[in-house]
Every structure is written in C-alpha cells, then in structure tokens.
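Below is one structure, written out as structure tokens; comments come after it.
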Amino acid sequence: MSKIHILIYGQVQGVGFRYWVRRKMEELGIVGEVWNNDDDTAELQAEGPEEQIKELIKLCHAGPALARVKKVVILKEEK
C-alpha cells in the first residue's frame, strides 16, 4: 500500500474537482479525502495500491473538464 499527500494549484475550486477526485478514487479502489484550501488550492490524502496511486496523480494533473490544473505538488509519499 502507498500513501500520498498532494496539493493541486490552478482553477480547481468551483468546478467539481473534489467530487471528480472522489469518484476517481472510488473507481481506482483508493481511500482518502480531498478538500479545498483558503488559498484556492485543493489538497488530498489517499492510500491504496501503488499503481492506482500513480494513476490518481496522473489524473490530478488533468482534472475534470472545467478545471485548469497548473501544478501538482507531492507533499508526502510513502510506499
């Protein structure tokens, strides 16, 4: 199992980003949470199989259709 804590910059609030990430985590069999921060970033912590965590990170770089992700920063990663 892998754990990840990431911060997502860009237009990620008010565009359904959190709901989209939750759905992707469920589809990938990952548990975790995602929330908005006061500085207009989104943040998430997740745990699951390493390959699914890698896929989630890739997906977060794109986001849902209305999001405009500028940067994804890995704050902490445990394998």
Side-chain angles (χ1 to χ4, degrees):
M1 292 295 248
S2 292
K3 293 181 182 179
I4 194 81
H5 183 181
I6 62 177
L7 191 59
I8 302 102
Y9 293 85
Q11 186 177 348
V12 293
Q13 292 189 15
V15 294
F17 188 85
R18 287 177 298 143
Y19 303 104
W20 179 85
V21 169
R22 287 183 187 124
R23 189 172 57 248
K24 295 301 178 187
M25 287 194 299
E26 185 177 308
E27 290 171 6
L28 292 167
I30 295 171
V31 295
E33 58 182 292
V34 58
W35 61 93
N36 287 335
N37 293 320
D38 291 339
D39 63 358
D40 295 327
T41 60
E43 193 166 348
L44 75 87
Q45 291 183 330
E47 181 176 357
E50 186 174 352
E51 289 304 312
Q52 280 78 1
I53 293 291
K54 287 180 183 178
E55 182 63 23
L56 179 63
I57 294 168
K58 285 183 199 176
L59 290 168
C60 284
H61 278 89
L66 295 176
R68 298 293 175 258
V69 176
K70 290 186 178 179
K71 180 170 59 170
V72 175
V73 177
I74 298 173
L75 301 173
K76 186 175 183 181
E77 186 173 14
E78 296 177 23
K79 296 181 182 181

How is the hydrophobic cluster of Val73 composed, in terms of its other members, when Ile, Leu, Val, Met, Phe, Trp and Tyr link through side-chain heavy atoms under 4.5 Å apart, directly or indirectly?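 Val73 shares its hydrophobic cluster with Leu7, Tyr9, Leu75.
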If hydrophobic residues (ILVMFWY) are linked whenever their side-chain heavy atoms come closer than 4.5 Å, directly or via other members, who joins Met1 in its cluster?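 The other cluster members (ILVMFWY side chains, heavy atoms under 4.5 Å, direct or chained): none.
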To the nearest 0.5 Å, what is the distance between CZ (Arg22) and CZ (Phe17)?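 Going from CZ on Arg22 over to CZ on Phe17, the span is 11.0 Å.
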Output the distance between atom CD1 (Ile8) and atom CD (Glu43), rounded to the nearest 0.5 Å.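 Ile8 atom CD1 to Glu43 atom CD measures 8.0 Å (nearest 0.5 Å).
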Please say which of Ile30, Ile4, Val31 ends up in a side-chain contact (heavy atoms from CB on, under 4.5 Å) with Glu47.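 The side-chain contact (heavy atoms from CB on, under 4.5 Å) with Glu47 is passed solely by Val31 among Ile30, Ile4, Val31.
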Please name all residues satisfying side-chain contact (heavy atoms from CB on, under 4.5 Å) with [X], sequence neighbours left out, ordered by chain then number.
X     : value
Glu27 : Arg23, Lys24
Glu78 : Lys3, Lys76
Asp39 : Asn37, Thr41

Considering only distance and modelled atom types, tabulate donor-acceptor pairs under 3.5 Å from the side chains of residues 50-70, sequence neighbours left out.
unit_1: His61; atom_1: ND1; unit_2: Ile57; atom_2: O; d: 2.9
unit_1: Arg68; atom_1: NH1; unit_2: Ala65; atom_2: O; d: 2.8

Applying a strict under-4.5 Å side-chain criterion to I, L, V, M, F, W and Y, I'd like to know whether Ile74 and Trp35 cluster together.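 No, Ile74 does not connect to Trp35 through the hydrophobic network.
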Heavy-atom closest contact (Gly29 atom, Pro49 atom, distance):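 Smallest heavy-atom distance, with atoms named: O-CD, 4.2 Å.
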Looking at residues at least two apart in the chain, or sitting in another chain, which of them share a side chain to side chain donor-acceptor pair (under 3.5 Å) with Gln45?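 In terms of side chain to side chain donor-acceptor pair (under 3.5 Å), with neighbours along the sequence ignored, Gln45 is linked to His5.
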